[in-house]
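Every value quoted in this text rests on a predicted model; they were computed, and no experiment measured them.
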Amino acid sequence: KAGVTQTPRYLIKTRGQQVTLSCSPISGHRSVSWYQQTPGQGLQFLFEYFSETQRNKGNFPGRFSGRQFSNSRSEMNVSTLELGDSALYLCASSLTAIGNEKLFFGSGTQLSVL
Amino acid sequence: TQLLEQSPQFLSIQEGENLTVYCNSSSVFSSLQWYRQEPGEGPVLLVTVVTGGEVKKLKRLTFQFGDARKDSSLHITAAQPGDTGLYLCAGAPHDYKLSFGAGTTVTVRA
């Protein structure tokens, strides 16, 4: 069974641009969560989608948005990029949206904002 | 302020030594999870502890859940270079989405 696939692996953007990251979950998984990881801050929860609906949202500005398609694939968009948005963005999938369910992570997209 | 506080932040030891990583919170969790993340990869689940006072062993790794279900520890016996990585604890209070600690970076020198 294929794991969680995130594309692209690396991305370099400049301030003010926007970016779209993609995540394909494990087949059969309907929940996709997004996390931002920076050194010293750990993983900060961005949002979670289940069956195309956003179920939970973390404490991030409105520049961060996402969506989920009918095949469970998810995209995350960041508009008007700031230097502080440089981070590893991780996507995780799970069968359901139960809070303490096991998460399967992708390898992440490393975003650098110059 | 992190919901889950991990200590220490960094740990560097020689191969064969033992180490313990701590995960503490003021909140009660129905369960806590431990993940390990290697450079360039996403975190991988090691174990889930569910019952207060529970001890789980995974080869040389021993995980313990506190009696009050507010804290957990990970103990590695006779560490090996392959144990090097970022260890993360995670919990979901009130079944909200998982919150992660900031992690402990473990380096095992050969």
Side-chain angles (χ1 to χ4, degrees), chain A residues 2-10 21 23-26 29 31-50 53-60 66 74 87-111, chain B residues 1-10 21-25 27-52 54 56 58 63 65 69 72 85-106:
Chain A
V4 178
T5 303
Q6 288 189 248
T7 56
R9 282 297 303 266
Y10 303 95
L21 313 181
C23 172
S24 293
I26 290 173
H29 285 192
S31 173
V32 173
S33 302
W34 288 89
Y35 289 84
Q36 180 195 66
Q37 185 176 30
T38 54
Q41 289 294 314
L43 277 72
Q44 302 295 315
F45 173 67
L46 281 156
F47 28 66
E48 180 209 4
Y49 287 87
F50 181 77
T53 301
Q54 186 180 92
R55 287 177 50 91
N56 290 301
K57 190 177 190 316
N59 189 25
F60 277 82
S74 178
L88 179 66
Y89 290 88
L90 291 162
C91 160
S93 77
S94 58
L95 276 169
T96 70
I98 297 174
N100 58 1
E101 189 175 357
K102 175 180 180 179
L103 296 183
F104 295 82
F105 283 88
S107 297
T109 294
Q110 183 67 54
L111 172 64
Chain B
T1 305
Q2 296 273 5
L3 181 64
L4 289 162
E5 297 288 341
Q6 286 190 242
S7 62
Q9 190 176 356
F10 300 97
V21 175
Y22 300 93
C23 174
N24 295 292
S25 177
S27 298
V28 176
F29 293 88
S30 57
S31 65
L32 277 179
Q33 301 177 0
W34 284 93
Y35 290 78
R36 180 169 68 205
Q37 183 178 19
E38 297 183 13
E41 299 298 328
V44 175
L45 180 69
L46 294 173
V47 77
T48 301
V49 286
V50 179
T51 306
E54 180 180 8
K56 276 192 174 179
L58 188 67
F63 303 85
F65 200 12
R69 291 185 288 124
S72 182
L86 176 67
Y87 289 82
L88 297 155
C89 66
H94 312 297
D95 283 336
Y96 187 62
K97 284 313 292 184
L98 276 180
S99 288
F100 285 79
T104 295
T105 299
V106 172

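- When all heavy atoms are compared, the tightest approach of B:Pro43 to A:Leu43 is CG-CD2, 4.2 Å.
- Contact record, B:Leu98 with A:Glu101: CD1-O, 4.1 Å, taken as the closest heavy-atom pair.
- Contact of A:Tyr35 with chain B is made through the side chain alone, with heavy-atom distances under 4.5 Å.
- When heavy atoms are compared at a cutoff of 4.5 Å, B:Leu32 does not approach chain A at all.
- Scanning all heavy atoms of the two residues, the minimum distance from B:Gln37 to A:Gln37 falls at OE1-NE2, 2.7 Å.
- With a 4.5 angstrom heavy-atom cutoff, A:Gln110 does not touch chain B via any of its atoms.
- Across B:Tyr35 and A:Leu103, no two heavy atoms sit closer than the pair OH-N, 3.3 Å.
- Residue contact with chain B, scored on non-hydrogen atoms closer than 4.5 Å, involves the side chain of A:Gln44 exclusively.
- The number of heavy-atom neighbours closer than 6.0 Å to OH of B:Tyr22, taken from other residues, nucleotides and ligands shown, is 12 or below.
- Atom CG of B:Leu88 sits about 8.0 Å away from atom CZ of A:Phe105, to the nearest 0.5 Å.
- Closest non-hydrogen pair, B:Glu41 versus A:Ser107, comes out as OE1-OG, 3.0 Å.
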